[in-house]
Amino acid sequence: MRLSQLFIPTMREVPAEAEIPSHILMLKAALMRKLASGVYIYLPLGKRVLKKIEEIVREEMDRAGAQEVLMSAIIPAELLKESGRWDVFGPEMFKLKDRNDREFCLGPTHEEVFTDLIRNDVKSYRQLPLTIYQIQTKYRDERRPRFGVMRSREFIMKDAYSFDVDWDGLDVSFDKMYDAYCRIFDRCGLKYTVVEADTGAMGGKDSKEFMVTSNVGEAVIAYCDNCGYAANEEKAECTVQNTINEEMRSVEKIYTPNVKTIDELVSHLNVDAEKFVKTLIYKYKDKVVAVLIRGDREVNPVKLANLLNVTENDVELADEKTVKEVTSADVGFAGPIGLKGDVMLIADAEIPAMRNVIVGANETDYHLKNVNYGRDFKADVVSDVRKVVDGDKCPKCGSPLKLDRGIEVGHIFKLGTKYSDALGANYIDENGNEKPIIMGCYGIGLNRIAAAAIEQNHDDKGIIWPMSIAPYHVIVVPVNVSNEAQRDLAEKLYDELSKAGIEVLIDDRDLRAGVKFNDADLLGIPIRITVGKKAEDKIVELKLRREEKPIELKHDEVLNKVKELISENIRS
RNA sequence: CGGGGUGUAGCGCAGUUGGUAGCGCACGUGCUUUGGGAGCAUGGGGUCGGGGGUUCGAGUCCCUCCACCCCGACCA
């Protein structure tokens, strides 16, 4: 392709709306443009990158025995109402009505549609196992789209669903997908970590996320260098860090006028935050629960929701009125002793291991010190409900955990029977018994892969595409197109490379060398061939985008060298 | 959804006490130039986010709506 003809409106200045490198570079390098908040259109180069990623995903899905189908982006409301998710997703869905006032939504995910297909057309164990997938646009009306394609409202996803006769079968299907995912991300040139994840509103059992490590990632992951344990922040198990064996002292009431927050208490009493226990009042489904947690810790809302057997959306901090009713005091003085009404008391796992702590007195302007679990109060439930912190002991081996940020590019679940039960997707086993089909589901965000790849592969000049997903492999740059020798040699090379099936660009624009080099760097084409002063002697330069120094090559050596470089850098 | 901010040429921005809109880059044309974002000359491009109001006169003041961005909340 000729740059003089390619629709590639690169930008010299940084668009004000973009903050992170991938977003900036995708706009600058003319991969995409924004149409509306969280909605992007892809230009020729961006489209090629997506195609490359799509092809890798497709090859690996097919290799793993999955079969491609294509659902509709439009889903009738009744299907999602059948599973209950019409309300679970709620405002996250783009909803629409047809002329007869029938409700639909633009699919945020497709479990129900796939399950519906299977319940109609799969009846016997003889038809199982089966894994089918699609590559399709999904729609989620995110509250806050951001970071370009990283969190957009329209995005391309590969979603696969496995159907098995039993849990052992699911394990096999799941492991195949797991392996396929590793191959996909390896081939895309991404550095990633697989972490244990919470299943959340999706339901199901085992769940793993594929996280591309990046400091712009929105997810926090905890991992252990020693034993390999890794989990996302929501899931990461917390252990009791240290057990204090002080002698229990007697409870004292202390006057703490208008001292409400842990920070204020720390400076008022000159005692470390870890000697306090916070009492947080939450509401869920018209019930009230009090959560006790060490002063310097944070509650993990996912763990709390799971413990209460509700979704995260159902749990929220109680309003002031409720807090006053339950604690008989202003907000800021809640404690475990003397709560009124039907309040479940949950203590974080660390609480029983603490001694002589300070808690709210359930009386405005007072706290209690030397309070001890077991002697002074007992919780209805003791469970891990806090967020991990850097340095926590690994739940598997006890070494210190580290925290990092990641971009979630893939997520695989063992769903089990959640949707087959809800929609009645059953099969007849060899004994004639009707049983629910055991399902798994597996998602990959394709545009996110592109953005994540840029996050991990760029410098201050632009993108540095991994060979496997680069829009083109080679760019031929004649330094001066009005120099006949340079132009002719460049054209000849372009022609030879094209005929050999190489994906090659030629920058035949009548521009200064600096502009062309800067564009080539911005675009991130892996191999640049510069045809300059030595064109008369049939000598050109070959420079890798990733490397600093070029090498000189004779004209007739170029094709083989290029072929070699490409095949070295693409795994299949 | 709460808090903050911004809307002026394709991009980045300026616009004073209210007086009829400008700069850089980009774009067209001509000449010169040609190994890391050239120079000179010349030209085109604007419902100043929309609507309403105040005023002789509004990019500027007031009201209102909208869009977009950031922080938070939220997120299979």
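Note that this is a predicted model, so its numbers are computed, not measured. Just so you know, these numbers use all the heavy atoms, side chains as well, and skip hydrogens, waters and symmetry mates. In what follows, chains are A, B, ... by sequence order, proteins preceding strands, each numbered from 1.
Residue contacts shown for A:K516 are absent, as no nucleic acid heavy atom lies under 4.0 Å away. Within the nucleic acid shown, A:A36 comes within 4.0 Å of sugar-phosphate atoms alone, with no base atom in reach, counting heavy atoms only. In this structure, A:P108 reaches the bases: a heavy-atom distance under 4.0 Å links it to at least one base atom across the strands shown. If you check every strand for non-hydrogen atoms under 4.0 Å, A:S482 touches a base. Across all strands shown, A:G443 has no heavy atoms under 4.0 Å from either base or sugar-phosphate atoms. Across all strands shown, A:N483 has no heavy atoms under 4.0 Å from either base or sugar-phosphate atoms. Among the heavy atoms of the strands lying under 4.0 Å from A:V14 are primed sugar atoms or P, OP1, OP2 only; no base atom is included. The residue A:R528 sits close to a base: some heavy atom pair falls under 4.0 Å.
Rounded to the nearest Å, the gap between the C1' atom of B:G43 and that of B:C56 is 36 Å. A gap of 14 Å separates the P atoms of B:A21 and B:U47, to the nearest Å. Rounded to the nearest Å, the gap between the C1' atom of B:C62 and that of B:G18 is 13 Å. Rounded to whole Å, the separation between the C1' atoms of B:G19 and B:C61 comes to 15 Å. Comparing B:G22 with B:C27, their P atoms are spaced 22 Å from each other, to the whole Å. Nucleotides B:G44 and B:G59 place their C1' atoms 23 Å apart, quoted to the nearest Å.
If you check B:G43 for Watson-Crick or wobble pairing at under 3.5 angstrom, you find it paired to B:C27. Taking a pair to require two hydrogen-bonding distances under 3.5 Å in either a Watson-Crick or a G-U wobble arrangement, B:A67 pairs with B:U6. Nucleotide B:G72 forms a Watson-Crick or G-U wobble pair with B:C1, both donor-acceptor distances falling under 3.5 Å.
Per the geometry, CG belonging to A:D521 stands 11 Å off C1' belonging to B:G37, to the nearest Å. Atom P of nucleotide B:C25 and atom CE of A:M11 are separated by 18 Å, given to the nearest angstrom. To the nearest angstrom, P of B:G4 lies 15 Å from CZ of A:R144. Put simply, CD on A:E13 is 7 Å from C1' on B:G24, counting in whole angstrom units. For A:D319 and B:G2, the CG to P distance is 17 Å, given to the nearest whole Å. Put simply, CG on A:N480 is 13 Å from C1' on B:A38, counting in whole angstrom units. Atom CD1 of A:I8 and atom C1' of B:A26 are 15 Å apart (whole Å). The CD-C1' distance, from A:E17 to B:A67, rounds to 12 Å in whole Å.
When the nucleotides B:C25, B:G35, B:C69 are ranked by their closest atom to the side chain of A:A513, B:G35 comes out on top. Checking B:C75, B:U34, B:G35 against every side-chain atom of A:E541, the shortest atom distance belongs to B:G35. In the set B:C69, B:C75, B:G36, the nucleotide with an atom closest to the side chain of A:F517 is B:G36. When each of B:U34, B:G12, B:G36 is scored by its nearest atom to the side-chain atoms of A:D510, the top-ranked nucleotide is B:U34.
The phosphate of B:C69 has OP1 or OP2 within less than 4.0 Å of a side-chain N or O from A:S37. Listed pair A:R12 / B:A26 meets the phosphate criterion, a side-chain N or O lying under 4.0 Å from OP1 or OP2. When the side-chain nitrogen and oxygen atoms of A:R512 are compared with OP1 and OP2 of B:G36, none of them lie within a distance under 4.0 Å.
With A:T530 as the fixed residue, the side chain to side chain donor-acceptor pair (under 3.5 Å) test singles out one of A:R528, A:K534, A:K533: A:R528.
With hydrogens and angles ignored, the 3.5 Å screen pairs a side-chain donor or acceptor of A:Q134 with a backbone N or O of A:M71. At distances below 3.5 Å, not a single donor-acceptor pair connects side-chain atoms of A:Y282 with backbone N or O atoms of A:K287.
Residues A:E19 and A:A16 each lie close to RNA chain B; by heavy-atom proximity, the contact nearer the 5' end of the strand is made by A:A16. The residue among A:K34 and A:E92 whose nearest nucleotide of RNA chain B lies closer to the 5′ end is A:K34.
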Next item on the list: For side chain to side chain contact (heavy atoms under 4.5 Å, CB included), just list the numbers for A:L523 and A:I463, CA-CA rounded to whole Å, side-chain angles, deciding distance to a tenth of an Å, and then say yes or no.
Entry: CA-CA 6 Å; A:L523 300 184; A:I463 303 169; over 6 Å; no
Checklist line | Test ring pair (Phe, Tyr, Trp, His ring centres under 6.0 Å) applied to A:F210 and A:Y178, step by step | finding: CA-CA 10 Å; A:F210 290 75; A:Y178 183 101; 5.6 Å; yes
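With respect to the salt-bridge test (charged N to carboxylate O, under 4.0 angstrom), the residues A:E320 and A:K324 qualify. A salt bridge does not link A:K303 to A:D348: none of the charged side-chain nitrogens sits closer than 4.0 Å to a carboxylate oxygen.
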